[in-house]
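Worksheet for the structure shown next.
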There are 2 protein chains.
Amino acid sequence: MLRPDDFIAWRGYMPELRQNMATGEWVVIATERARRPEEFASKREPRASSPHRDDCPFCPGNERFTPGPVFSLPTTGPWEVRAVTNKFAALVPDIPLRRSCDGHFRKATGYGFHQVIIETPRHDLPLALQEPAGFDRVVEAWHRSYALLAAAPGVEFVIPFKNHGEAAGTSLEHPHSQIIGLPIFPGHIRGRMEEAIRFYDAEGECVFCAMVRMERQAGARIVAENDRFTAFIPYAAFSPFHLWIFPRVHQSTFRELDDGGKAGLSTILRTVLRKLHAGLGDPDYNLMVRSGPADAPRLKYFHWYISIVPRLGKAAGFELGSGMYINTALPEESAAYLRAVTA
Amino acid sequence: MLRPDDFIAWRGYMPELRQNMATGEWVVIATERARRPEEFASKREPRASSPHRDDCPFCPGNERFTPGPVFSLPTTGPWEVRAVTNKFAALVPDIPLRRSCDGHFRKATGYGFHQVIIETPRHDLPLALQEPAGFDRVVEAWHRSYALLAAAPGVEFVIPFKNHGEAAGTSLEHPHSQIIGLPIFPGHIRGRMEEAIRFYDAEGECVFCAMVRMERQAGARIVAENDRFTAFIPYAAFSPFHLWIFPRVHQSTFRELDDGGKAGLSTILRTVLRKLHAGLGDPDYNLMVRSGPADAPRLKYFHWYISIVPRLGKAAGFELGSGMYINTALPEESAAYLRAVTA
């Protein structure tokens, strides 16, 4: 609750608008409302849990309650990671894809894929705290699921994602990620591709390659780096501690990730998630793999990446209405804070 | 928490994809996950409050704590509605608008307007429960602020909005709405205008006029109507009870609203908000006025409207990553439910 004392005087200050060079979207960096990085740390109690719950469908011993599995890792012995069909799937593979139109009311049958990747047998082990081998397995599972779904007939777009914590929209405590294969191409992604084509046409370079190069030159917003990946808080980050992780070599889809790339991604992802966990007190977050079209050849103008959005604020009327965001953290300050966190 | 029994069997069902004819966006209508309309009703305790708080900057007697006012209504006597400058403004009018670019890192000074409209002197009177005269004043204040900001130099886009309740992102309990005047045009809105131009080019009609006509013909998703406005849950609503209120006559910006229109909007808005309040137990919601460009002449292809988004679910990784939504309510069922609520 704000108090009247907070409202005493209208004092001049200098907010800033920044434009994301890849998406063309403007964001308000609200320096007046800006909080110091450590103020974003979660104030809630640590998540209480136990390593195994009889009533959890993702815990070992309850495998019969999940449809599938699609695969498990390792391929022999007790599982460490399981990919299963989502029991509450948004889209299902066992119906034909049919489009129809009544007037302008266009619809299609809900053909598609929706899988869950159970990241560990341990009910209470968040991804951030897994050992390096655990990250290797999760990255391998994402990649394997992505390849399966991208190759499925009629699938146009595949999106692996993870919801961690209640504010990030998860209903199940057991650490897991999800992957959806869509039979249509999201308009939002098409818009981004059009922006990318426009840049390529003007500059002769992938806009994401250019952005990574320029962020590395600037340095101030880099959070972590290895020989394969760069993690940074983008110049026009739309929310506090919004993070992007980019493969340094040009790749247009997640499928193009090779073994060396998987190792590099596993390492940087562990570093970044540990920094968030330690620096912000295990915040709720969403993680998304944003890739090019499922069946795309290597596109010169598009670049896959991972986006991590800690849920530290709420999209409200302005954001819903304009599609623009007000960021109350300075990207440079947030990045410096995370760089300094040893994790 | 889901229980293992919820996961017993994978049973076939038929989810649906629907495309919004105006935006071109697809939405998943997840019939498998669908809940009955009454299940969306808020389960929390009624909001406890008092009609006046000494520590609230929006309560009468504390006017010195808010910068302004820009205006108040009525123009003489004690105020019923006050428009003031937002003390924590995202954008400020007292700096010049300057764009600059360092490499491709483009920015602009945070020139713009951010006002608050205090909807009532009563700390504990939510908009939904105001008398008709109260709605008249709030609509008049929105319109007056909109006209002021739209006419300000350098303003390209104006968005009035309201955040009701914590899940909708509000930090102050006292009923209020906000209005922001932006010096740039949001890419998200530009995308919608391009879709609208495409439809106009193909069909020779405003896509929103066509949609209202078709929704009225279909009837199943209409929630309320008067001679000036139609309120409905769109065919491809992106979240449960997502509502659109359209002027029936073609108008491209909120500024074009005339006195008869204000009266019609006041009436239908009161009906719709009372139905939501009674039918869903005073849900948190965002309300946005979505209008054409600030300085636009009458555009034949664009139509202003009000969007109301009850915050009954959470956008998670899939939504953030794809820009698509999974709606767990059937628009037809939600609309029938609200139609039946007497309020």
Side-chain angles (χ1 to χ4, degrees), chain A residues 2-4 7 10 12 14-19 21 24-26 28 30 32-33 55 57 62 65-67 87-88 90-92 94-95 103-108 110 159 161-163 168-169 172 180 184 186-188 191 214 235 286-288 290 309 314 316-318 320-324 326, chain B residues 2-4 7 10 12 14-19 21 24-26 28 30 32-33 55 57 62 65-67 85 87-88 90-92 94-95 103-108 110 159 161-163 168-169 172 180 184 186-188 191 214 235 286 288 290 309 314 316-318 320-324 326:
Chain A
L2 296 167
R3 303 188 59 84
F7 286 75
W10 167 254
M14 185 71 93
E16 192 169 286
L17 288 154
R18 294 185 181 184
Q19 189 179 36
M21 64 185 276
E25 295 287 357
W26 288 91
V28 179
E32 170 74 344
R33 301 173 167 197
D55 63 354
N62 292 337
F65 297 120
T66 46
K87 171 69 179 71
F88 294 92
L91 300 167
V92 295
D94 55 355
I95 54 175
H104 284 282
F105 293 134
R106 188 178 297 277
K107 66 180 175 183
I159 179 156
F161 61 97
K162 176 173 171 64
N163 305 330
L172 279 168
I180 287 182
I184 50 86
H188 173 72
M214 292 169 67
Y235 171 74
N286 298 108
L287 179 153
M288 290 77 67
R290 305 191 73 142
V309 180
K314 284 198 178 72
F318 174 69
L320 290 176
S322 68
M324 276 182 62
I326 298 173
Chain B
L2 296 167
R3 303 187 58 85
F7 285 76
W10 169 253
M14 185 71 92
E16 193 169 285
L17 287 154
R18 294 185 180 184
Q19 189 178 36
M21 64 186 276
E25 296 286 357
W26 288 91
V28 178
E32 170 75 343
R33 301 173 168 196
D55 64 354
N62 292 337
F65 297 120
T66 46
T85 298
K87 171 71 177 73
F88 293 93
L91 300 167
V92 296
D94 54 358
I95 54 175
H104 285 282
F105 293 134
R106 187 178 298 277
K107 66 180 175 182
I159 178 154
F161 61 97
K162 177 173 169 63
N163 305 331
L172 280 168
I180 286 182
I184 49 87
H188 173 73
M214 292 169 68
Y235 171 73
N286 298 108
M288 289 77 66
R290 304 191 73 141
V309 180
K314 282 197 180 73
F318 175 69
L320 290 177
S322 68
M324 277 182 62
I326 298 172

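Lettering of chains follows the sequences in order, A, B, ..., and the numbering in each one begins at 1.
Residue A/I159 holds its CD1 atom at 9.0 Å from CG of B/L320, rounded to the nearest 0.5 Å. Considering NZ of A/K314 and NZ of B/K314, their distance stands at 7.5 Å, rounded to 0.5 Å.
If you measure heavy-atom distances from A/M214 to chain B, the contacts under 4.5 Å come from both the backbone and the side chain. Contacts of B/I180 with chain A are made by side-chain atoms alone, with heavy-atom separations under 4.5 Å and no backbone atom involved. For a residue to count as touching a neighbouring chain, one of its non-hydrogen atoms must lie under 4.5 Å from one of that chain's; by this rule A/A108 touches chain B with backbone and side chain alike. Proximity to chain B involves both the backbone and the side chain of A/R106, based on heavy atoms less than 4.5 angstrom apart.
Top candidate by heavy-atom pairs under 4.5 Å with chain B, chosen from A/G103, A/S322, A/G187, is A/S322. Highest contact tally toward chain A, considering only B/G169, B/P186, B/G191, is held by B/P186 [criterion: heavy-atom pairs under 4.5 Å]. The most heavy-atom pairs under 4.5 Å with chain B, out of A/H104, A/M324, A/M21, come from A/H104.
Applying the salt bridge (charged side-chain N to carboxylate O under 4.0 Å, His left out) criterion to B/E16, with sequence neighbours excluded, gives A/K107, B/R18. In this view, A/Y235 and B/F105 satisfy the ring pair (Phe, Tyr, Trp, His ring centres under 6.0 Å) rule, not counting sequence neighbours.
Closest approach of B/V28 to A/A90, counting heavy atoms only: CG1-O, 3.5 Å.
The side-chain heavy atoms of B/Q19 and A/I184, taken from C-beta on, include no pair separated by under 4.5 Å.
No side-chain donor-acceptor contact under 3.5 Å links B/N286 to the backbone of A/A316.
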